[in-house]
Amino acid sequence: MTVDQRYCREREGNILSRTLGDIGLLYHRPSGQTHIVISPVPEILEAMEDDSPVSVGDLLQRLSRRFDLGPQETALPKIAAHLADMAALGLIRAVA
Amino acid sequence: MKHRVTLRIGPATFRIGSAWSGPIGELRRLYADYPAPSGGLADFTVRLEPAGLLRRWLRPSIFITGDHGLADAAPMSLAHSLLAAEMGMNLQMALGWRRHLLLHASSVEKDGRVLLMSGESGSGKSTLAAQLGERGWRLMGDEFALIDLAAGAVLPFPRLVSLKNRAIDVIAADVPAARMGPLLEGTAKGDIRHMRPRADAVARMDEGAPPALLLFPRFGHASAIRPMGQGETFMRLTQASTNYVALGEAAFAALGRFVDEVPAMAMDFPSGDEAIAMVERLWEERA
């Protein structure tokens, strides 16, 4: 996990999403797995919607426009950890 | 197999073979009123075979085999052969059915809409469905509800209802003896007795209807009703489905739509009579 790592969304069409009440459902087509996600995963995916690779810092900036995420030094590692988990599930891709 | 019968239950056809005549005769009697299979290949084969070379005659024991099997299934006594046949059919459905999303739930229909009840074994879903089926509702199934992948309708699977322990006397009081199977004592699940659904439920077994309400009943607790959030409902139903993973994207779409459209509630109840009253009240409120 590093704050320098950049990520982009999975290829278009690889993930089907559906919102049910306060949860999000993501169907990952390549693996056939369904992921049930809650905040902040849907918000992170939404903030990455333009498909261009983003760093953890970029993402913090985008999210901070809509949410109060507290001091940067505590928010950055948390977002980095979320991104690493999401990449491990195949929901986003790490890019060099 | 020396003795055979082909049965159709809802959209599924089963070819059941047995080394003994007893279980086949019992199945023929209990499924006598079911519409005949349309011919062609059966969807599943169930075989009731002797557990060993001599076990056909000497303390006869049954092995259930078929297209889909469990490697470590324990042999059963010939006295429980009807249960073995029913378990064999359930197993084939649970492991092999792909045409619908299969939910481990009972279902009954009234006013052209379906009430589904999902829960663990012992939750009371099967007994409650059987009771409602004798009180103005159409019993669609006590074990599996089949959800149409495209339209979202619930399709019936009205196999014999498997009554366990205390439920046997409760239901037998309402139902003529001709619709009841033999009492199977001391099975791995306790005492079991099968019941054939009413003739109208059997005659309408090809007739689906849209789902209107989903309950998660729990027998043996003070009366309580709690609306269930969509996230919890979705999670519970993925666990209650035996083919959600196998169906992939089609199941994701069908189950998402089901949870989006059908209100769900957890219902605790202390007795069958109280449960029936609670269901009728809920149904009226939602009418």
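Chain letters run A, B, ... following the sequence lines, proteins first and then strands; every chain starts at 1. As a basis for the values below, the full set of heavy atoms in this structure was taken, side chains included, without hydrogen atoms, waters or symmetry mates. Keep in mind that this is a model prediction, so the values were computed, not measured.
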Please check if the number of heavy atoms outside [X] that lie under 6.0 Å from its [atom1] is greater than 12.
X	atom1	answer
B:E249	CD	yes
A:R11	CZ	no
A:D68	CG	no
A:R9	CZ	yes

- Query: Given that the side chain runs from C-beta out, which part of B:A253 has a heavy atom under 4.5 Å from chain A: side chain, backbone, both or neither?
  - Reply: backbone
Value rounded to 0.5 Å, distance of [atom1] in [X] from [atom2] in [Y]:
X	Y	atom1	atom2	result
A:L20	B:E232	CG	CD	13.0 Å
A:I23	B:F234	CD1	CZ	7.0 Å
A:T19	B:Q230	OG1	CD	10.0 Å

Let me check something: any side-chain donor-acceptor pairs from residues 108-116 of chain B under 3.5 Å, sequence neighbours excluded? List them with distances.
unit_1: B:E109; atom_1: OE1; unit_2: B:R138; atom_2: NE; d: 3.0
unit_1: B:E109; atom_1: OE2; unit_2: B:G112; atom_2: N; d: 2.8
unit_1: B:K110; atom_1: NZ; unit_2: B:E280; atom_2: OE1; d: 3.1
unit_1: B:D111; atom_1: OD2; unit_2: B:W283; atom_2: NE1; d: 3.1

- Which of B:D260, B:V259, B:L255 passes side-chain contact (heavy atoms from CB on, under 4.5 Å) with A:R18? Answer is B:D260
- Item | Side chain, backbone, both or neither of A:L16 within contact of chain B (heavy atoms, under 4.5 Å) | both
